[in-house]
Amino acid sequence: MEVTRACELLQQCQGFIKDITGGKPLPLEVVGIEYMNDDPSMVDVLYAKVQPKDRSDKLQVIADKLVEHFVASGLMTKEWDRVKLHATVMNTLFRKDPSAEDKGGPVPGRQNVRDRESFDAQNVLKKFGNYYFGEFDLNSVQISQRYSTDCTGYYTSSGSITFS
């Protein structure tokens, strides 16, 4: 039911997204890596920075307006001032280590619950801190189903809109 409602809300956002993008794909680039916490020697999530090629705030405005719409509907609560635009590169929550200790029973949608095992990302950050991953044209927004994957290995899409 929540997934259906989320898809309906996303459809309602198509107009303002087209207004912001002019109905054209949004050229983005992915450059540099950062981490989600305060200590580079104890990292759980390493991510690549995503930004519009023209350095505008269009993507940030779209992301923040999507959150505003979903919060106003009551489907979600606002946790942060702004959406962190990123592409996850490494997340210890999803590591596959057969030697990791199983910490309990199943969680809906997840195979096992394991404590995170942080890693020291200092050398990775030194070597790849400004790495250029590439560029692409964004022309859709998806609602992804957490803890599920499709045949490509990406999250299963529950719904999407195209704006170009």
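For the atom pair CD of Q145 and OG of S158, the computed distance is 4.5 Å after rounding to the nearest 0.5 Å. The CG atom of L28 sits 14.5 Å away from atom CZ of F133, with the distance rounded to the nearest 0.5 Å. Here the CD atom belonging to E68 is positioned 10.5 Å from the CE atom belonging to M76, to the nearest 0.5 angstrom. Here the straight-line distance linking atom CG of L26 with atom OG of S56 works out to 6.0 Å at 0.5 Å rounding. Taking SG of C13 as the reference point, atom CD1 of I161 lies at 6.5 Å (rounded to 0.5 Å).
With a 4.5 Å cut-off between side-chain heavy atoms of Ile, Leu, Val, Met, Phe, Trp and Tyr, the cluster of V31 takes in Y132.
Looking at every heavy atom in both residues, K78 comes nearest to V71 through N-CG2, 3.7 Å. Contact between A48 and V89 at its shortest, heavy atoms only, is N-CG2, 3.7 Å. F16 and I62 get closest at one heavy-atom pair: CE1-O, 4.2 Å. When all heavy atoms of C7 and I143 are compared, the closest pair comes out as N-CD1, 3.8 Å. Looking at every heavy atom in both residues, V50 comes nearest to V30 through CG2-CG2, 4.1 Å. Taking each heavy atom of D38 and P40 in turn, the nearest pair found is O-CD, 3.8 Å.
Considering only residues two or more places apart in sequence or on other chains, Q11 meets the side chain to side chain donor-acceptor pair (under 3.5 Å) condition with none of them. The side chain to side chain donor-acceptor pair (under 3.5 Å) test applied to S118 returns D44, not counting sequence neighbours. Residues passing the side chain to side chain donor-acceptor pair (under 3.5 Å) test with T152 are D150, sequence neighbours excluded. E8 is linked by a side chain to side chain donor-acceptor pair (under 3.5 Å) to nothing, counting only residues two or more places apart in sequence or in another chain.
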Derivation and outcome, side-chain contact (heavy atoms from CB on, under 4.5 Å), residues N139 and T21: CA-CA 9 Å; N139 67 354; T21 64; over 6 Å; no
Working for side chain to side chain donor-acceptor pair (under 3.5 Å), residues E117 and T92: CA-CA 6 Å; E117 187 175 327; T92 60; over 6 Å; no
Check against side-chain contact (heavy atoms from CB on, under 4.5 Å), L85 and Q51: CA-CA 7 Å; L85 303 175; Q51 60 194 19; over 6 Å; no
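At least one side-chain heavy atom of Q60 sits under 4.5 Å from a side-chain heavy atom of V83.
Connection of V43 to V45 is not established within any shared hydrophobic cluster, with ILVMFWY side chains joined at heavy-atom distances below 4.5 Å, either directly or through further cluster members. V3 and V67 are not part of a single hydrophobic cluster, where members link through side-chain heavy atoms under 4.5 Å apart.
No hydrogens or angles considered: nothing links the side chains of S41 and Q122 as a donor-acceptor pair under 3.5 Å. A side-chain donor-acceptor contact under 3.5 Å links Q142 and S157.
Between the side chain of T156 and the backbone N or O of T149, at least one donor-acceptor pair lies under 3.5 Å. In this structure, E29 contributes its side chain and P52 its backbone to no donor-acceptor pair below 3.5 Å. Looking at T88, its side chain never comes within 3.5 Å of a backbone N or O of M90 through a donor-acceptor pair.
Electrostatic pairing of K84 and E34 does not count as a salt bridge here, judged by no charged N lying under 4.0 Å from a carboxylate O.
N130 CG: 12 or fewer foreign heavy atoms inside a 6.0 Å radius. For CE of M36, the number of neighbouring non-hydrogen atoms (other residues, nucleotides, ligands) closer than 6.0 Å is greater than 12.
Seen from the ring of F163, K18 does not count as a face-on cation partner, given the 6.0 Å and 45° thresholds.
Residue pairs meeting the ring pair (Phe, Tyr, Trp, His ring centres under 6.0 Å) criterion with at least one member in residues 47-80, sequence neighbours excluded: Y47-H86.
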